[in-house]
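For clarity, every value in this text was computed on a predicted model and none was experimentally measured.
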Amino acid sequence: MIYASMFLTLDGVMEAPQVWHPAYASEESITMLAEQMAGATAMLLGRQTYEDFAGYWPRQPSEVPLADATNNIQKYVLSRTLSEAGWNKTTVLDGDLVEVVRTLKEQEHSVLVPGSAQLVRGLLHEHLLDELRITLDPIVVGSGRRLFPGGSPTTRLELRDCRPLPHGVIYLVYRPVRATGPQGSPS
C-alpha cells in the first residue's frame with residue numbers, strides 16, 4: 001500500500017506547513033501522525049521534500065514528536081538529479097516512476113509519502129496511490145504550491161474516513177476511484 005499524508009489549507013496550499021500548521025497541531029493530530037508512521041515500513045519522498053526533511057529531522061532530539069520514527073524509517077527519494085543521499089537509511093531511486101514504484105510496492109508492505117505534491121500527483125495519475133490522507137487546516141494562506149494546481153486532470157476520489165480534530169481541523173482519507181465504463185463511471 002502506498003499512501004500520501006499531508007497538511008493542506010482550505011485554499012489547497014500545501015507548501016510551507018511549518019509556517020501555518022503549528023497553530024493547528026494538537027495531541028490528537030500528533031497521535032494520528034505517529035500511528036501513520038508506525039504503520040509504515042518505508043517513506044517515499046520527492047527530491048524537494050527529501051531536502052527539506054534531511055535539513056531538519058536529523059538534528060531533532062528524541063524528545064521531538066516523530067523525530068525517532070522519521071530518522072529511523074527506511075527512506076526512498078525519487079530523483080533524477082540527486083546522486084546520493086546523506087541522511088541515514090535513505091536510498092536514491094532514479095528511473096521511470098511507474099517501474100520504480102511498482103518495484104517498491106513489491107519490496108515494502110506500507111509506504112508513506114509525506115507531502116511531495118508533484119510525486120503525489122504522478123502517483124495518482126499512474127494509479128499507484130492507494131490513499132490520500134489530508135489534515136485540513138481552517139486557514140487560507142492565499143499563495144504557495146498547491147496540491148492540485150489549475151489544469152490538473154480530473155481525478156475521482158472516494159471518502160473513506162473523516163474525523164474532526166481540535167482547532168477546527170479535519171482529517172480526511174480518500175481513495176482513488178478507478179473508472180471502468182465508457183462514460184468513466186466509477187467501479
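With sequence neighbours left out, E131 forms a salt bridge (Lys or Arg N to Asp or Glu O under 4.0 Å) with R133, R175. Judged as a side chain to side chain contact (heavy atoms under 4.5 Å, CB included), and not counting sequence neighbours, the contacts of P58 are N71, W87. Checked against side chain to side chain contact (heavy atoms under 4.5 Å, CB included), L66 has the following partners two or more places apart in sequence or in another chain: L33, A34, M37, W57, T70. Contacts of K105 classified as salt bridge (Lys or Arg N to Asp or Glu O under 4.0 Å), with partners at least two apart in sequence or in another chain: D130. Scored by the side chain to side chain contact (heavy atoms under 4.5 Å, CB included) test, E158 finds R160, V177 as partners (sequence neighbours excluded). In this structure, Y76 has no ring pair (Phe, Tyr, Trp, His ring centres under 6.0 Å) partners at least two apart in sequence or on a different chain. For the side chain to side chain contact (heavy atoms under 4.5 Å, CB included) test, residues two or more places apart in sequence or in another chain that qualify with P61 are E63, V64. When the salt bridge (Lys or Arg N to Asp or Glu O under 4.0 Å) test is applied to D94, no partner is found at least two apart in sequence or on another chain.
With no hydrogens or angles considered, no side-chain donor-acceptor pair links D137 and T9 at under 3.5 Å.
Taking CG of D96 as the start and CZ of R102 as the end, the distance is 9.0 Å to the nearest 0.5 Å. Here Q48 contributes atom CD and D52 contributes atom CG; the two are 4.5 Å apart, rounded to the nearest 0.5 Å. Taken to the nearest 0.5 Å, the CG atom of L78 stands 13.5 Å off from the OH atom of Y50.
Judged as a salt bridge (Lys or Arg N to Asp or Glu O under 4.0 Å), the pairs with a partner in residues 34-47 (not counting sequence neighbours) are, in order, R47-E51. Pairs engaging residues 71-91 under the salt bridge (Lys or Arg N to Asp or Glu O under 4.0 Å) rule: none recorded [sequence neighbours left out]. Annotation: ring pair (Phe, Tyr, Trp, His ring centres under 6.0 Å) contacts involving residues 16-39, sequence neighbours excluded, comprise F7-H21.
Residues L165 and M32 have side chains in contact (heavy-atom distance under 4.5 Å, counting atoms from C-beta outward). Inter-residue side-chain proximity for P138 and H167 is flagged as unmet; no heavy-atom pair is nearer than 4.5 Å. A heavy-atom distance below 4.5 Å is found between the side chains of L159 and C162. Contact check for V113 versus I2: side-chain heavy atoms found under the 4.5 Å cut-off. Proximity of P114 to M43: side-chain heavy atoms (C-beta onward) are separated by under 4.5 Å at one or more points. You'll find the side chain of P176 stays beyond 4.5 Å of the side chain of R156, heavy atoms only. With contacts defined as side-chain heavy-atom distances shorter than 4.5 Å, the pair V13/L8 does not qualify. Put simply, the side chain of T91 reaches to within 4.5 Å of the side chain of Q74, judged on heavy atoms.
Between the T135 side chain and the Y171 main chain, no donor and acceptor come within less than 3.5 Å of each other. At distances below 3.5 Å, not a single donor-acceptor pair connects side-chain atoms of D11 with backbone N or O atoms of V140. Panel note: side chain T90, backbone N88; a donor-acceptor pair is recorded below 3.5 Å. Between the side chain of S116 and the backbone N or O of L45 there is no donor-acceptor pair closer than 3.5 Å. No donor-acceptor distance shorter than 3.5 angstrom exists from the side chain of E99 to the backbone of G95, with no hydrogens or angles considered.
Hydrophobic clustering, with ILVMFWY side chains joined whenever heavy atoms are under 4.5 angstrom apart, keeps V169 apart from L172. Residue M1 is not grouped with residue V100 when hydrophobic side chains (ILVMFWY) are merged at heavy-atom distances under 4.5 angstrom, including chains of intermediate members. Cluster annotation: Y3 is connected to V173 through the hydrophobic network of ILVMFWY side chains, with a link wherever side-chain heavy atoms come within less than 4.5 Å. Side-chain heavy atoms closer than 4.5 Å link hydrophobic residues (I, L, V, M, F, W, Y) into clusters, and following such links, even through other members, never connects L10 to I139. Residues V92 and L112 share a single hydrophobic cluster, defined by chaining ILVMFWY side chains whose heavy atoms lie under 4.5 Å apart.
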Query raised in the report: So L104 and V111, side chain to side chain contact (heavy atoms under 4.5 Å, CB included) or not? Walk me through it.
Result: CA-CA 8 Å; L104 185 60; V111 180; 4.2 Å; yes

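Contact detail for S5 and Q36: the closest heavy-atom pair is OG-OE1, 2.8 Å. In terms of heavy atoms, M14 sits closest to A117 at SD-CB, 3.2 Å.
Remark: Q18 CD is packed, more than 12 non-hydrogen atoms of other residues, nucleotides or ligands lying under 6.0 Å away.
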Check residues 118-129 and write down every donor-acceptor pair under 3.5 Å in which the side-chain atom is one partner and the other belongs to a residue at least two apart or another chain.
| unit_1 | atom_1 | unit_2 | atom_2 | d |
| --- | --- | --- | --- | --- |
| R121 | NH1 | R146 | O | 3.3 |
| R121 | NH1 | L147 | O | 2.7 |

